[in-house]
> 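This is the structure I have questions about; it appears just below.
Computed over heavy atoms, backbone and side chain alike; hydrogens, waters and symmetry mates excluded. Counting begins at 1 with the first residue of the sequence. Not measured: the values here are computed from a predicted model.
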Amino acid sequence: MDSLLDSSTSPSPVLPSATQEKDLSELLTPEPTPLVAPSPSGENNFGESLSPAGLSPANSMGRLSGAATDEDDDEEVHDIEPKFKYERLLSDRSAESANILFRDSATTLAVHPKFLALGTKNGEIHVLDLQGNRSTLTVPIPKHAGPVNDISIDDAGDYMASAGEDGKVFVQGLISTEDNFVVKHSEPIRAVAISPNFSVSGLHLPNRSIIFGSRQLVLCEKKLFGPKSTVLDGNRLEPGVDGRVTRIKWFGNMVAWANSTGVKVMCLKDKQIIGLIPRDKRDTEFDFPNKCDIYWMDARTLIVSWPHVFHICSIRDRKRASNSSLSSGGLTSKSLPNFELVISKMVHTDFAICGIGPYVNEQFVLLGYNASAKEEDKKVQLRVIQPHWEEYDDITCDVLVLRGTLYAAYEDYKLQCLPEDGLYFVVSPKDIVVAKPLDLDDVIDWLLERGKFDEAMTVATKDAGRQITKHNIRDIGRRYLEYLRLRNDFEIAARICPKILGKDKNAWEEQIAEFHKAGKLAILAPYLPRSNEFQLTPAVYELVLSTFLQTDQEGFLRIIKEWPHALYNVQAVINAVIDVLLRNPNQKVLLEALGALYSFIKQFDKALAIYVKLKHPDVFDLIAKHRLFRTVADKQLAIALMEVDAEQAIRLLTENIDAIPMVKVIAQLEQKPPFLLQYLDRLFQKDKIIGKDYHDVQVKLYAEHDPKKMLHFMQNSKHFSLRNAYEICQKKNMVPEMVYLLSMYFYTDMG
């Protein structure tokens, strides 16, 4: 397809033309590179090879305009979440409905939240529910003598109007026929719109009206003695110009209609045409029929499409000048319409547009048609785009292979939508496919197919089972864990096990077996459940401990300290540790673990012996916690404890004299005079009397091991021999101490 070049459009000489709204930065920006047509590898094909009951997208193709290379696009294509799933409306589930397009061809479809109205080439109108089943009506539906060109349904869904090639418009009630009427025209009628409020009751019945178009736009109102017609637009055109109205859309007081020159908008309340959206000159260069689609977003916004142009238009109040001077067109400001039409955005596409509809987040759904020299290569595409000025972002592009495409042309494809329900109906002569929003099960399917298990888990977790019927968190989790194990991502698998497995013991044991088989049980250990609310069987924890005992003794000790010992059979683990120690007794890590295990089963004497042997600082906590003071005394552990940590040992021995008698401690520490001095010194600091029987020994020890404390001790004690102390100081040449002792001796003697 040739590149599209920008061309300006001139306003109509009679009507006020729609304003094109652009800011300065857009005007100064160079012409953007046209979008490249999607490559076959990047498109999603949904065709007759799939089951008639439904068409499910395998991928959805998204492409940012000019954003990446083809190679990058190919890699990103499969990571963009699809927007829709697809089902055939007239499927084999309902044989009666399925036969409609076998013997006839669809020409138009009107949609309503309650039902669908399908017009055919043979002039029939079929009323169906949203699943494609025939609705049971109590009123007859008239048949046209030729193809049905258009159908319009009022907002209440009680009346519809159909326009036919036979020049007739049937206004038909679906519940009551009280307000039925028929309009006969001399030419084929291509478009019709019924008043949105046709069913609303009123004294003067102002709403009982329709608007139809042939070469003129005509308002037809039902009156007491028959329909009354009023020409709204005569379409006075130059000779040779096809002015037939091809599309009409009515919303509130606004009506928009299209012919070959453009789209006009009228305010019915004022009976004023407020603007013209001219058909873009660039669009007329393509060899495509004059096909326009119109959709009202609300009373002030409409979207319009031609084969290669897409407009977003706004209606706003006209700003009037303060004076009534003539405008450039010869009209005073007071004579201009009360509203003006503004083109907010205009996009040129590299594909032909068959129909349009709103989506979400200022995005739009376009039914595209990719023309090709070969009939079999023509493709119908359902696209979601984000429009800018002149260019657009292609969010998704799903290629639909519909039934009977070899016998269909561009103008035969149509799009109707119920955006509030997320439904988009693609109509071709021999097929109708409905695009539906993905439910959570569909999203999860898509994520799982691409290995996005974490995202699938997030979706399932947020839903908590309210909308998901096909999947559950546990099954998704199992598939995720299996996927991670196959990829050797055991760390990630272990980390998510608590979230996935919850309180399912069987599921936990299944995963533990898999990790054990792979030799990765140590990775799973930190994540095993250990709370009081939920625990596994003891055998599971013992298996983990046994694995660590054989392969990682530091890890084994860490688990022994961290895990509640109620999780496993402590004696069984002790036996396993002893078996290892018998083969290699000098393994300090295992001895420490064994000591902890003995303390768990209250065999504190054994635990204490091990801690003392290891000179482990935790021995003091063990003694204090379990009040093993008498064991310390009985086992004569004073020296051993001093060798572990003298400060902690002295604190322990001096603060628990009742349980660890001083006499027994001194008897043990006599073998280690420095230890004995530390013990006696601490006793003296606490109580100057309690160790008075050993103050002579203390003098000797000070002189030998800590002479700086001698004088202070002698000044604060009265329970040592002055003569013996003097002799000791004399031998050590301790002059200050000797002077003090002589003075004390003199005063004593004087006394």
Side-chain angles (χ1 to χ4, degrees), residues 453-454 457 461 473-584 587-601 603 607 610-611 614 616 618 621-622:
F453 295 93
D454 195 34
M457 285 291 299
T461 303
I473 296 174
R474 193 62 43 78
D475 289 340
I476 297 170
R478 284 197 180 98
R479 290 180 62 177
Y480 190 12
L481 291 173
E482 182 180 5
Y483 170 80
L484 291 172
R485 291 198 309 268
L486 291 174
R487 292 186 55 181
N488 207 33
D489 288 336
F490 284 91
E491 181 61 47
I492 298 175
R495 190 165 59 245
I496 65 173
C497 273
K499 177 182 177 181
I500 292 173
L501 306 180
K503 296 184 178 181
D504 188 333
K505 285 188 176 182
N506 292 332
W508 270 106
E509 291 177 2
E510 176 186 318
Q511 292 304 317
I512 289 168
E514 294 293 340
F515 274 77
H516 183 53
K517 187 191 303 181
K520 303 292 183 179
L521 195 54
I523 297 176
L524 182 61
Y527 304 100
L528 294 179
R530 305 192 297 270
S531 67
N532 293 331
E533 292 77 20
F534 177 66
Q535 298 174 1
L536 305 176
T537 59
V540 171
Y541 300 104
E542 290 164 18
L543 172 64
V544 176
L545 287 168
S546 175
T547 301
F548 274 94
L549 180 61
Q550 302 300 326
T551 61
D552 180 5
Q553 294 179 357
E554 293 284 353
F556 176 79
L557 175 60
R558 184 174 61 253
I559 289 178
I560 291 297
K561 290 181 176 181
E562 292 177 356
W563 284 10
H565 62 271
L567 294 175
Y568 51 87
N569 185 325
V570 177
Q571 188 59 58
V573 178
I574 288 174
N575 294 339
V577 174
I578 291 174
D579 286 342
V580 176
L581 287 172
L582 287 175
R583 296 192 295 271
N584 187 355
Q587 300 186 67
K588 292 184 177 181
V589 173
L590 289 187
L591 282 171
E592 183 181 346
L594 185 60
L597 290 166
Y598 276 131
S599 69
F600 294 159
I601 58 174
Q603 293 187 15
I610 292 173
Y611 277 39
L614 293 172
H616 198 287
D618 286 352
D621 292 335
L622 178 69

> Do the side chains of Ile476 and Ile500 get nearer than 4.5 Å, heavy atoms only?
no

> Can you see whether Arg487 engages Tyr483 through a side-chain donor-acceptor pair at a distance of less than 3.5 angstrom?
yes

> Looking only at non-hydrogen atoms, find the nearest pair between Val570 and Leu597 and report the distance.
CG1-O, 3.6 Å

> Would you call the rings of Phe600 and His565 parallel, tilted or perpendicular, where under 30° means parallel and over 60° means perpendicular?
parallel

> To the nearest 0.5 Å, what is the distance between CD1 (Ile574) and CD (Gln603)?
6.0 Å

> Hey, could you give me the CG/CG distance between Leu557 and Leu549, rounded to the nearest 0.5 Å?
11.5 Å

> Can you tell which of Ile512, Thr551, Leu528 makes a side chain to side chain contact (heavy atoms under 4.5 Å, CB included) with Leu521?
Ile512

> For residues Val540 and Trp508, determine if any side-chain heavy atom of one lies less than 4.5 Å from a side-chain heavy atom of the other.
no

> Looking at OH of Tyr480 and CD1 of Ile496, how far apart are the two atoms once the value is rounded to the nearest 0.5 Å?
4.5 Å

> Could you give all pairs that pass the salt bridge (Lys or Arg N to Asp or Glu O under 4.0 Å) test and reach residues 530-547, with sequence neighbours left out?
none

> Could you check whether atom NZ of Lys588 has more than 12 heavy atoms from other residues, nucleotides or ligands sitting under 6.0 Å from it?
no

> If only atom types and distance count, is the side chain of Asp489 paired as donor or acceptor with the main-chain N or O of Ile492 below 3.5 Å?
no

> Looking only at heavy atoms, what is the nearest atom pair of Ile560 and Ala596, with distance?
CG2-CB, 4.0 Å

> To the nearest 0.5 angstrom, please state how far the CG atom of Asp621 sits from the OG atom of Ser599.
11.0 Å

> Looking at side-chain heavy atoms only, is the closest gap between Arg485 and Gln511 below 4.5 Å?
yes

> Would Glu510 and Asn506 count as a side-chain hydrogen bond (donor to acceptor under 3.5 Å, both in side chains) if you check the C-alpha gap in whole Å, the side-chain angles of each, and the deciding distance to 0.1 Å?
CA-CA 6 Å; Glu510 176 186 318; Asn506 292 332; over 6 Å; no

> If you take all heavy atoms of Ala494 and Ile523, which pair is closest and at what distance?
CB-O, 3.7 Å

> Could you pull out the closest heavy-atom pair between Ala518 and Phe490, with the gap in Å?
CB-CZ, 3.5 Å

> Do the ring planes of Trp563 and Tyr568 sit parallel (below 30°), tilted (30 to 60°) or perpendicular (above 60°)?
tilted

> Say whether, by atom type as modelled, one donor and one acceptor occur between the side chain of Gln535 and the main chain of Ser531 under 3.5 angstrom.
yes

> Within the structure provided, determine whether Gln553 and Val580 are in side-chain contact (heavy-atom separation under 4.5 Å).
yes

> Is there any salt bridge (Lys or Arg N to Asp or Glu O under 4.0 Å) pair reaching into residues 554-582, and which pairs are they, with sequence neighbours excluded?
Lys561-Glu592

> With the side chain counted from C-beta on, respond yes when Arg478 and Glu482 share a heavy-atom pair under 4.5 Å apart, and no when they do not.
no

> At what distance, to the nearest 0.5 angstrom, does CZ of Phe556 lie from CD of Gln550?
9.5 Å

> Determine, step by step, whether Leu481 and Leu501 satisfy the side chain to side chain contact (heavy atoms under 4.5 Å, CB included) criterion, reporting the C-alpha distance in whole Å, the side-chain angles of both residues, the deciding distance to 0.1 Å, and the verdict.
CA-CA 10 Å; Leu481 291 173; Leu501 306 180; 4.1 Å; yes

> Working to the nearest 0.5 Å, report the span between NZ of Lys503 and CG of Leu536.
12.0 Å

